[in-house]
Protein chains: 2
Amino acid sequence: MAAKMKEVAKLANVSTATVSRVFHEPERVRQETREKVLAAVAQLNYQPNALARHLRRLKTNIILVVVPDITNTFFSGVLRGIEEIATKNAYRVIVGDAESDPENEYDYVNLLRQKQADGMILLSARMDQGMIEQLAEEYPVVLACDYVKSSTVPIVSIDNELGAKQAVRYLVELGHKHIVHIAGPLHTVLSQDRKRGFLKGMEEASLSVNDGDVVIGHFSYEGGRDAAMSVIQTGKVPDAFFCASDEMAFGVINALHASGYVVPRDVSVIGFDNIPFASIFQPQLTTIAQPMRQIGVKAMEMMLALLEGEALSLRHEVLQEELLVRETTKPNA
Amino acid sequence: MAAKMKEVAKLANVSTATVSRVFHEPERVRQETREKVLAAVAQLNYQPNALARHLRRLKTNIILVVVPDITNTFFSGVLRGIEEIATKNAYRVIVGDAESDPENEYDYVNLLRQKQADGMILLSARMDQGMIEQLAEEYPVVLACDYVKSSTVPIVSIDNELGAKQAVRYLVELGHKHIVHIAGPLHTVLSQDRKRGFLKGMEEASLSVNDGDVVIGHFSYEGGRDAAMSVIQTGKVPDAFFCASDEMAFGVINALHASGYVVPRDVSVIGFDNIPFASIFQPQLTTIAQPMRQIGVKAMEMMLALLEGEALSLRHEVLQEELLVRETTKPNA
DNA sequence: CTGAAAGCGCTTACAG
DNA sequence: CTGAAAGCGCTTACAG
């Protein structure tokens, strides 16, 4: 069924070298020959076998993007930025979905090790940190969104601590004093930074943070909902919630509504990320927006630099986050 | 850096054939030899080059899933089902995001043609239909969710016409008489079927469908919102909207709310798909649920059958859709 | 401008 | 139980 280059060569009465050149350096082939070859290609409906090409060239022009959870639209935004730059530079992007299980991330690493991709962009850093650093030494690896504390791995992200501080400052500005932070799992540096930003912001405003004012949840709707429920059940409902992700914020809002509290009338809520749904949900979510597409763009640009063997001017690109005030926050009565 | 099999063989004092066997048929290698080889593998941190293996075996154990739009969480659900079965059968899944542009789908087809994947599962049928059929003759191809009118391409989907009919029947049961259908782009068979289901359902109930009672929109939040706005502006707001997707339904609801109509008090709205957000959105969306994961499971099972050269018992698997009554529908006053 | 030939890194039928 | 050797389908430095 699938014709091989040899058959094309035979039909066109040339060598396989010439067929190959018609594809990759057509200007080096006489026009007449070229046409003969192209006719044969068309007649046999020939498609070169990329596996063979890649093996020969030791290069696949494929970039693997490992997404921790493809269900989260935050990552889709980043992915789009990556795809844009990759396509412009003749790279193809394939996506590996870790299904929220770090084990699967290790599995995708093997795709890289086994040379099925030229480089890997990780949208999560839940793997063993030493392993990530070692990988980055051996292969072109870029970390985006999440990060590790390392000076060697190329990273692109926002300043999560600053973003969290901004959220707190805004809530403080609105007159809120009792603010609860729904944090993400603290084994990611990103959650730690947002939490630290929360604590520093509170300190800055001379507000106290008591036991129970930081609740750890999963990065998910259910995580936010359950965390909020546990807070509500203590009977001490705060003036405002600052959530480490938009999905968690939706959970918090619905938990509040289910318990008879109205957002933002009774309680203000602020999220993090600005996923598309943040402006679809009612009330529209106030949030710290990450420049998702831009993160992807930058990550792929760094990847290209790594692939070209260029020195990176910056090992950690920090992009700008932004407070988007919408409908879930309100001055304290 | 990356060691080759040859080096491992040398270090272990065996042939590359033996090294290869240690990986793929360890039982055929004497334990002592095996241990020697594994020690060498460990010492050199050896990883086999998959490209070479795939070329030699003419098999990649990779399945390419082409998603029309990775931003739509409906497809994430299907993907999870595919991944589950693939992993169990030693296949790896890579995702190609067409970014809502059929052109990109053609590009991913080349991955298949160039032998970088053993098979392809298409989650959209917007490519030229003849092309899809031809592809399916040459390669293992399964179509899921969307479909073409063909008896040759293996397909798994729900009965979209029936699903739409069910939606209409339920609205009729609630006493609604003037029902507007927000349809998806009619160049997909899936949209045509849902529209036909709507029309048949209306006919069944002896309800009239006038000009303007079927509005075509994009399969997106904005598509639904704009379509609803155009309806609202005519001044003839219906008793109920039946939307061809959940995302569109959110757009419709928000457009209604922005125009002073309350859902479901004034207008009922019903969606299609049951994406995760359907039960997060407030009010929770009544919808026709597709068994997303199950569709993925079945699609991958069909793919496995194709890869094994087994005959498919059924070329078009039709799975069960289900009406989920939640909060956006209400009896007509 | 074109071809012969080596080689990318594996796997496997065959022989022993 | 193990090895020598052919071969998967390309690309490319070299020679002409």
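Letters A, B, ... mirror the listed sequences (proteins, then strands); counts begin at 1. Note that the structure is a prediction, hence the values are computed from the model and not measured.
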Short side-chain N/O contact from Arg21(A) to OP1 or OP2 of dC1(C), under 4.0 Å: no

Nearest-Å distance for atom pair CD/C1', residues Glu35(B) and dC1(D): 15 Å

Short N-O contact, Asp146(A) and Arg126(A), less than 4.0 angstrom: no

Whole angstrom value for the distance that separates P of dG7(C) from CG of Leu51(A): 21 Å

Presence of donor-acceptor pair under 3.5 Å, side chain of Arg57(A) and base of dG7(C): no

Atom-pair distance (NZ on Lys4(B); P on dT11(C)), nearest Å: 15 Å

Distance below 4.0 Å between Tyr46(A) side-chain N/O and dC10(D) OP1 or OP2: yes

Inter-nucleotide C1' distance (dG16(C), dT12(C)), Å rounded: 16 Å

Sugar-phosphate only, base, or nothing, as touched by Leu58(A) at under 4.0 Å among non-hydrogen atoms: sugar-phosphate

Salt-bridge present (Glu7(B), Lys10(B); N to O < 4.0 Å): no

Below 4.0 Å: OP1/OP2 of dT11(C) and any side-chain N or O of His24(B): yes

Side-chain donor-acceptor contact under 3.5 Å, Tyr147(A) with Asn160(A): yes

Sugar-phosphate, base or nothing in reach of Phe23(A), heavy atoms under 4.0 Å: nothing

Whole-Å distance separating the NZ atom of Lys59(B) from the C1' atom of dC8(D): 16 Å

Selected nucleotide, minimal atom distance to Met5(B) side chain, candidates dC10(D), dC1(D), dC10(C): dC10(C)

Sidechain N-carboxylate O distance under 4.0 Å for Arg80(A), Glu84(A): no

Whole angstrom value for the distance that separates P of dC10(C) from CD of Gln47(B): 10 Å

Under-4.0 Å side-chain N/O to phosphate OP1/OP2 contact, Arg56(B) with dG7(D): no

Distance test, side-chain N/O of Thr18(B) to OP1/OP2 of dG3(D), below 4.0 Å: yes

